[in-house]
Amino acid sequence: LGLVGKPDETAFWANLAPRIQACEVSTVADSVEAALANDPDLDAMVLDSPSDVILAANAGKHVLASAPVGESLDEANSVIDACSRAGVNLSISQILRYLPANQIVRDRLSSGKLGEPGLLRVHRWNAGPGNPLARVLFGDIDLTMYFFKAGPSNIYAIRRSEGAYIQVHLGFPAGGMAILDFSSGLPDGRSYDSLSLIGSRGAAYADDHRNTHLLYAGGNPTALISNAGSGHLMELQAFMDAIRSGGPSIGDECRAVHQVIESVERSIGSGQVLHEKEGRHEPV
């Protein structure tokens, strides 16, 4: 496994690099070209740039790429197609499906304990400034399709407060739906995250509100939110397992997420509900 980049430069590396180092990385370099020159026999690379992913794929290296892989559907397609042509595994890092709480929800769905997913409700509220739409939406769109095991048949979205608030409504073929809202309007400080899923036989949640504890240390109490940990080691393990086993690339799933994001953007622009027809979402 090769680490390419400067770990102190981006949030991606700040979160991921220490965990990669714990996995005994074989090669560390500032660029893909340098990594390939230093160790041309390495099997896989962890990358944060679409152009770097394409370079690595063209060199025959498996890639764990930072979500959302591209800022647009076209850029994501370029990355996914390059990995497909080269026959290398493309896996995605920094996505929500690997968080421990979300893994438990998926396990309860897969085991039948929650029944069929009916309503997924998500809040992601942060301090500004806002990010490009793909970066805001990718993790939760991917997670929603991971839970429902399908793409949405209907899409409706709105954007308010000069882009600081986005709400996305997804309807699924079996009758389930997801309502996701994103805000970048909180004051500086900690964000708020909430996820709840109601199934036909039960419900599950992962909510900062319910995971908040009061600390009494004199004066007014302070609220402390439990940290559920990250899924970075799990996504690294899944990546390495896929390479060893020749398992499927996540490229097609990544493309499907970007197609939904592109449809969300068109729904915001048109103010219309979009319905799936022949693999594309269009107004009636």
Side-chain angles (χ1 to χ4, degrees), residues 5-21 46-50 65-72 75 92-102 105 120-144 157-170 178-197 205-235 257-258 261 264-265 268-269:
K6 297 180 179 179
D8 58 343
E9 288 188 347
T10 66
F12 169 75
W13 291 122
N15 290 329
L16 190 58
R19 297 170 176 87
I20 296 175
Q21 297 289 12
V46 179
L47 300 167
D48 190 27
S49 161
S66 175
V69 178
E71 299 292 349
S72 66
E75 187 172 45
I92 312 300
S93 174
Q94 311 285 294
I95 53 178
L96 301 174
R97 65 167 67 183
Y98 290 110
L99 291 180
N102 295 335
V105 175
L120 176 67
R121 189 74 173 96
V122 170
H123 302 291
R124 305 291 182 200
W125 301 345
N126 303 281
N131 289 310
L133 194 63
R135 292 193 176 273
V136 173
L137 300 182
F138 189 96
D140 282 290
I141 298 293
D142 173 76
L143 183 64
T144 300
I158 60 171
R159 180 158 41 197
R160 297 286 186 268
S161 303
E162 298 180 351
Y165 178 81
I166 298 170
Q167 186 177 98
V168 178
H169 186 173
L170 305 176
I179 303 174
L180 320 172
D181 64 72
F182 309 85
S183 173
S184 58
L186 288 188
D188 289 341
R190 178 149 186 162
S191 62
Y192 170 70
D193 297 288
S194 171
L195 179 148
S196 59
L197 177 68
Y205 68 83
D207 190 336
D208 283 351
H209 177 73
R210 293 178 175 88
N211 291 330
T212 299
H213 314 279
L214 295 178
L215 173 64
Y216 290 90
N220 292 325
T222 300
L224 300 177
I225 301 176
S226 297
N227 187 347
S230 72
H232 299 316
L233 285 178
M234 190 177 295
E235 65 193 16
V257 173
H258 272 281
I261 293 171
V264 165
E265 192 160 23
I268 290 172

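Keep in mind that what you see is a predicted model, and the values were worked out from it rather than measured.
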**Student:** Taking atom CG of Asp48 and atom CD of Gln94, what is their separation to the nearest 0.5 Å?
**Tutor:**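 Taking CG in Asp48 and CD in Gln94, the distance rounds to 8.0 Å.
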
**Student:** Would you tell me whether Glu235 and Ser93 have side-chain atoms, one donor and one acceptor, within less than 3.5 Å of each other?
**Tutor:**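 Checked: Glu235/Ser93 side chains pair up, N/O donor to acceptor below 3.5 Å.
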
**Student:** Return the minimal non-hydrogen interatomic distance between Arg135 and Asn131, and the atom names on each side.
**Tutor:**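 Between these two residues, the closest heavy atoms are CB-CB, 4.1 Å.
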
**Student:** What are the two closest heavy atoms between Ala101 and Ala206, and how far apart are they?
**Tutor:**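 Looking at all heavy atoms of both residues, the closest pair is CB-CB, 3.8 Å.
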
**Student:** Nearest 0.5 angstrom please: Leu143 CG to Tyr98 OH, how far?
**Tutor:**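 Going from CG on Leu143 over to OH on Tyr98, the span is 12.0 Å.
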
**Student:** Provide the closest heavy-atom pair for Ser183 versus Gly185 in the form atom of the first, atom of the second, distance.
**Tutor:**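 Here Ser183 and Gly185 meet closest at OG-N, 3.1 Å.
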
**Student:** Would you give the length of the straight line joining atom CZ of Arg159 to atom CD of Glu265, rounded to the nearest 0.5 angstrom?
**Tutor:**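 That separation rounds to 6.5 Å.
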
**Student:** Would you give the length of the straight line joining atom CG of Leu137 to atom CG of Leu180, rounded to the nearest 0.5 angstrom?
**Tutor:**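 So the CG of Leu137 and the CG of Leu180 are separated by 8.0 Å.
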
**Student:** Decide if atom CD of Gln167 counts as having more than 12 heavy atoms of other residues, nucleotides or ligands within a radius under 6.0 Å.
**Tutor:**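 Yes, CD of Gln167 has more than 12 neighbouring heavy atoms, counting only those of other groups under 6.0 Å.
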
**Student:** Rounded at 0.5 Å granularity, tell me how far CD1 in Ile95 sits from CG in Asp142.
**Tutor:**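 Going from the CD1 atom of Ile95 to the CG atom of Asp142 covers 4.5 Å.
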
**Student:** Run the numbers on Phe138 and Leu96 for side chain to side chain contact (heavy atoms under 4.5 Å, CB included), then give the verdict.
**Tutor:** CA-CA 9 Å; Phe138 189 96; Leu96 301 174; over 6 Å; no

**Student:** To check you understand the geometry: which heavy-atom pair defines the closest contact between Ile166 and Val168, and what is its length?
**Tutor:**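 Reported closest heavy-atom pair: CG2-CG2, 4.0 Å.
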
**Student:** Can you see which heavy atom on Trp125 is nearest to which on Ser191, and at what distance?
**Tutor:**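 Of all heavy-atom pairs spanning Trp125 and Ser191, the closest is O-CB, 3.1 Å.
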
**Student:** For Ser194 versus Arg124, what's the shortest heavy-atom pair and its separation?
**Tutor:**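 Ser194 and Arg124 have their closest heavy atoms at N-NH1, 4.3 Å.
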
**Student:** Set out, in order, the CA-CA distance, both residues' side-chain angles and the distance that settles side chain to side chain contact (heavy atoms under 4.5 Å, CB included) for Ile141 and Leu170, then state yes or no.
**Tutor:** CA-CA 9 Å; Ile141 298 293; Leu170 305 176; 4.0 Å; yes

**Student:** Does His258 use its side chain to pair, donor to acceptor, with the backbone of Glu75 at less than 3.5 Å?
**Tutor:**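 Judged by distance alone, no pair lies under 3.5 Å.
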
**Student:** Supply the atom-to-atom distance Asn102 CG to Leu195 CG, rounded to the nearest 0.5 angstrom.
**Tutor:**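 Result: 5.5 Å between the selected atoms.
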
**Student:** Whether the side chain of Arg121 engages the backbone of Ile179 through a donor-acceptor N/O pair (distance < 3.5 Å, no angle test) should be reported.
**Tutor:**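 Yes, the answer is positive, given that a donor and an acceptor are paired below the 3.5 Å cut-off.
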
